[in-house]
Structures are given as structure tokens and as C-alpha cells.
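Not measured: the values here are computed from a predicted model.
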There are 2 protein chains.
Amino acid sequence: MRTPPHKTIERLSQYRRALLMVHDSDKTHIFSHEIAKIIHITPVQVRRDIMLIGYTGTLRKGYNVKELIDLIGDIIDSDTMIRVCVVGVGNLGRAIINYFSGKRTKLSIVAVFDSNADKVGKKYSGIPCHDIAELDEVIRQEDIKVGIITVPADQAQITADRLVKAGINGILNYAPKSVLVPRDVHLEEYDMITSLEKVAFYVKSD
Amino acid sequence: MRTPPHKTIERLSQYRRALLMVHDSDKTHIFSHEIAKIIHITPVQVRRDIMLIGYTGTLRKGYNVKELIDLIGDIIDSDTMIRVCVVGVGNLGRAIINYFSGKRTKLSIVAVFDSNADKVGKKYSGIPCHDIAELDEVIRQEDIKVGIITVPADQAQITADRLVKAGINGILNYAPKSVLVPRDVHLEEYDMITSLEKVAFYVKSD
DNA sequence: AGTCTTTTGTTAATTATTTAACAATTAAAG
DNA sequence: CTTTAATTGTTAAATAATTAACAAAAGACT
Ligand SMILES: NC(=O)c1ccc[n+]([C@@H]2O[C@H](COP(=O)([O-])OP(=O)(O)OC[C@H]3O[C@@H](n4cnc5c(N)ncnc54)[C@H](O)[C@@H]3O)[C@@H](O)[C@H]2O)c1
Ligand SMILES: NC(=O)c1ccc[n+]([C@@H]2O[C@H](COP(=O)([O-])OP(=O)(O)OC[C@H]3O[C@@H](n4cnc5c(N)ncnc54)[C@H](O)[C@@H]3O)[C@@H](O)[C@H]2O)c1
């Protein structure tokens, strides 16, 4: 099967989040328009995405929740566990560690780093905090493949460089400063202000 | 001028973030390829966006940083200050309040809410925390137009309902559960797990 | 049993977004 | 002063993403 479009990948993750919640209830099947409503998209889009990944529901019964969850896993999850670290254990870092812990079976935050001696040696949501100086060593030992950056903006680039040097393959950067990485390192960046300004823009021109 | 495409609005916000940083240095002008490098897009895209908003740079000198910042402000900012509140002062809420404070001239977080009595009455980054029961009253008094949700997932919908009832026009939801709002309320949602799963997907299939 | 309604799966059409191409212009170099 | 290289602005082409259209199947209803 051809690898699905970027946007579909993104939505698959959202579908699964929604499906996992539905699965906790007693529903075994779900219609495209029900999924659509949760994600705020159209039912056609849902059906098209599901078609793209080669799943078929049952006519007039909808999609089997469990099966669809598993299939999405087959597509977007790695075979093996992907190990992740967080650099910078401030408010945002802690929010992320705490939110994420145990949420997914194929992704796991296994180490966090900070430069503040008061934090080093402590555990956050059960994950040990290492000194930033040990980053290289720990990343190699723990076989960490993805790093999340939550340090102050002026430390973002140097942190990214360290992560790259240690052999990481993907970075998720929350510091409000874009970082430069080699082309073979996959980079995602997110800035809340962009989202807020977007809301504000559409609010004002209502 | 026609209102720019959604994606351009998003990038304008990013351009401005980058330009503000450049402006702090002594550079007065910047080339499209320099902006492009910071945002990780192509120079053509940058020029096209700038064309769309009707700005013209000087040939072989690039764009005037200050002018471009101001023009982007004219497009995406509101004439008047847009007042924002945050509901849920946990790790994430505090990270947001702290990060955002004072960053933009036309957007301001003026109130935060929590249900925990220990937090009510305190100030966070200078912003007073009110009891959630006073939400309606404070939002009307303070003329708040946008709400940011950072409460636990199971409180997300009820919080959204409260905000809508109080007359808010836009919501930025960070709780990992989609909320339903009337069509005239602009909604943005973001979930870190989607970003992380995206990174993981592209990392594994490298 | 036959009709109606719902819902999927898929192809085609439409719309949105990005990328390419290139003329025009200007600063710098010789 | 002429040539060269760099850079913008814009139109056209290509690509990506969404939406529409609709046939086929299956349960519900009579
Ligand atoms: N992208 C977003 O939407 C968003 C939202 C909120 C905050 N932020 C940003 O995220 C970052 C963290 O925010 P926060 O509120 O947690 O800040 P914070 O100050 O509470 O935490 C920063 C942490 O990083 C550590 N640190 C500093 N330099 C370091 C280094 N070189 N190596 C390792 N650790 C280092 C500090 O000791 C601290 O623990 C900031 O850059 C902030 O602007 C982004
Ligand atoms: N979208 C993301 O990327 C992302 C990342 C991290 C965390 N989260 C989510 O953000 C939310 C907050 O995370 P956190 O780490 O700050 O959690 P937290 O538990 O530290 O904070 C939640 C706060 O909300 C308050 N609260 C609870 N119910 C409330 C209500 N009905 N009204 C008002 N206040 C209420 C609590 O008193 C607490 O202060 C959680 O839902 C978490 O899953 C999302």
C-alpha cells in the first residue's frame, strides 16, 4: 500500500485517540459520521482516509472499533518501542511528561534532562532526570530516537545540536525559536502563539 | 485585498515571530531566503505570501523588517486588544500563562480560572486566578473574547460549554478531548501526541 | 417479498496550496 | 560604462487535499 498523505497520518492519530475513548465505553462499532463529529471533519473525509489504509467496515453497521484501532496501530506505530526523551523540566516539560506517560504502547519517554542541579537526580512521573552533560551517554545507552525540546528559547539550538550529535532521528521543538537540523532528522515545531493568533484572527473577522 | 488563505495566516504569525527576533539585532532588511531558512520553507513561498498581503520589498535589498512586522500586524492583529483567559492552572496552564505574558501587543491574558480553592485568589505571572464559579461574571466584566482550556480531559466539554455560555468567540483547547461548540465559535485544538506520533512515523520509515 | 433508508467504498470533480519559471531590475564587480 | 549575479514579483503549472456524486449492499418497515 502506498504510504498515506501527511494529513491522513495526522488524522489517523486523531482517529485513534477518539476510538480509544469510544472503546472504553461499550460500543463495538462506529459510523463514519460519528467519528467525523468528534474530530470536526466531514464523514467523507473519514471514509476516504479509512479506504486509503485499506480497511473496510460493515455496511449499515459501521467500523469495528477494536479492529480499526489495531489497524491504525499497524500503520502509524513502529514495530519496536520508540524511546523518547525530554530536555528541560520546567512547567511545560513536566506537563508533557505527566500527560504522556503510559498513553501509548509503542512510544515511551524514558529519560529527561535538565541543567538545573536541583532537578537532576529527581524523578518526574517516574522518569529519572539526568544532568544535561550526560545527554550523549544516556541517549546512546537508552537507545533514544526522539527528543522533545522544552528549554528556554536561547537554549533551543544548542539543545537541538546536542540531540543530533547524540544520534537522535526526530525532534519535537516547543521552544519558541525554530532550530536548524540536518535533513535526515525529522523536525516538528509548535508554537501556541500561532494558534492563538489564528483564533484571534478568525474571531475578529467574524 | 482578499483575505489570505488559512495557511498564509498561519505563516504570517511565524514570519512575525522570526522578524521580531531579527529586529532585535541590527539588521534592517531581510531576504526571502533568509526568512525561509528560519521557518523551514522555500523562499518562493515566502515571496508569494508577502505578495498576497500586498507588500513589496526592495530589489536586491530584501524586505524592510520593521515595515513587514507592522504590515503583518495590520493584517492579523485586531484593532483593539483581544482579551483572553485560561481555564485550569496546572502545569500546562502555568507554562502558557508564563510564556505568553507580554509577548503580543494586541492579545492579552487577563484572567485565569481554577476549581481548586488553593489556587483561587493567587496570582500567576501577575494574572489573578478566579474561582471557576465566577467565570461567567468575570468574562463579561472583563470583556474576554477567547478562552484557553487546560483542564483535565473529562472537564473539557463542560468548560467549553461554560465559556460559550459566557459569550466567548474563540476557544483554544489543549485538553486531549475534542469539544463541541456552536459554529460561530472558532475552535482550535492541539494534541502533542499527534505531533509525537507524526515524528515517530517519519522516523521509523526513514 | 418488496420498498425505503442508511451507510459504505470509490471514482470523478473541485478547490487549495505549493512549486516552477521567468521577466524585470538593481547593486556590485570589473 | 558594461557585464554579471542576485533578488523580487507574478503568472502559469503541478501537486495535494477535500468534497461531491453515486452505485451497491444491507437492514428496517410494511
Ligand atoms: N510552544 C509552545 O506553545 C510553548 C508554550 C509554553 C512555553 N513554551 C516554551 O517552552 C520552554 C519551556 O517553558 P517552561 O515554562 O517550562 O520554562 P521553565 O523556565 O519553567 O523551564 C525551562 C527548564 O529548562 C531548563 N534548562 C535551561 N537551560 C537548559 C539547558 N541548556 N539544558 C537543559 N535544560 C535547561 C531549566 O532548568 C528549566 O527547568 C520555553 O522556551 C517557553 O518559551 C512554549
Ligand atoms: N494538548 C497537549 O499537547 C497537552 C500536553 C500536556 C497536557 N495536556 C492536557 O492539559 C490538561 C492540563 O494538564 P496539566 O498537566 O496542567 O494538568 P494539571 O492536573 O496539573 O492541571 C489541571 C488544572 O485544572 C484544574 N481544574 C480541574 N477541573 C477544573 C474545572 N472543572 N474547572 C477549572 N479548573 C479545573 C485543576 O485544579 C488543575 O489546577 C490535561 O487535560 C492534560 O491532559 C495536553
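Using a 4.5 Å heavy-atom cutoff, the side chains of B/V89 and B/I97 are in contact.
Ranking D/dT8, C/dT17, C/dT18 by closeness to the B/F31 side chain, first place goes to D/dT8. Minimum atom distance to the side chain of A/Q45 is reached by D/dT18, of the listed D/dT18, C/dA20, C/dT17. Here the side chain of B/L59 is nearest to one of C/dT26, C/dG9, C/dT17, namely C/dT26. Ranking C/dT10, D/dA5, D/dT19 by closeness to the A/M51 side chain, first place goes to C/dT10.
Note: CD1 (B/I9) to C1' (C/dT17) measures 14 Å, nearest angstrom. Computed from coordinates, the B/L68 CG to D/dG9 P distance equals 10 Å when rounded to whole Å. A/I41 has its CD1 atom 17 Å from the P atom of C/dA16, to the nearest Å. Rounded to whole Å, atom C1' of C/dT18 lies 17 Å from atom NE2 of B/H6. Distance CG (A/L52) to C1' (C/dT8): 15 Å, rounded to an integer number of Å. In this structure, the NZ atom of A/K61 is 18 Å from the C1' atom of C/dG9, given to the nearest Å. Whole-Å rounding puts the B/D49 CG to D/dT8 P distance at 14 Å. Between the NZ atom of B/K7 and the C1' atom of C/dT15 there is a distance of 13 Å, given to the nearest Å.
Of the two residues contacting DNA chain D, namely B/T56 and A/T8, the nearest-nucleotide position lying further toward the 5' end is that of B/T56. Nearest-nucleotide positions on DNA chain C place A/H33 closer to the 5' end than the other of A/H33 and B/T42.
B/R48 contributes no side-chain N or O that forms a donor-acceptor pair with the base of D/dT10 under 3.5 Å. Taking only distance into account, the side chain of A/R60 meets the base of C/dT5 through a donor-acceptor pair shorter than 3.5 Å.
In the model, B/S178 has a side-chain atom that pairs as donor or acceptor with a side-chain atom of B/E189 under 3.5 Å.
Contact between the side-chain N/O atoms of A/R47 and the OP1/OP2 oxygens of C/dT8 is found at a separation under 4.0 Å. Regarding contacts with the backbone of C/dT18, a side-chain N or O of B/R11 is found under 4.0 angstrom from either OP1 or OP2.
More than 12 heavy atoms of other residues, nucleotides or ligands sit less than 6.0 Å from atom NE2 of A/H40.
Under a 4.0 Å N-O distance rule, the pair A/D77/A/R16 qualifies as a salt bridge. By the 4.0 Å N-to-carboxylate-O rule, B/K66 lies close enough to B/D70 to be salt-bridged with it.
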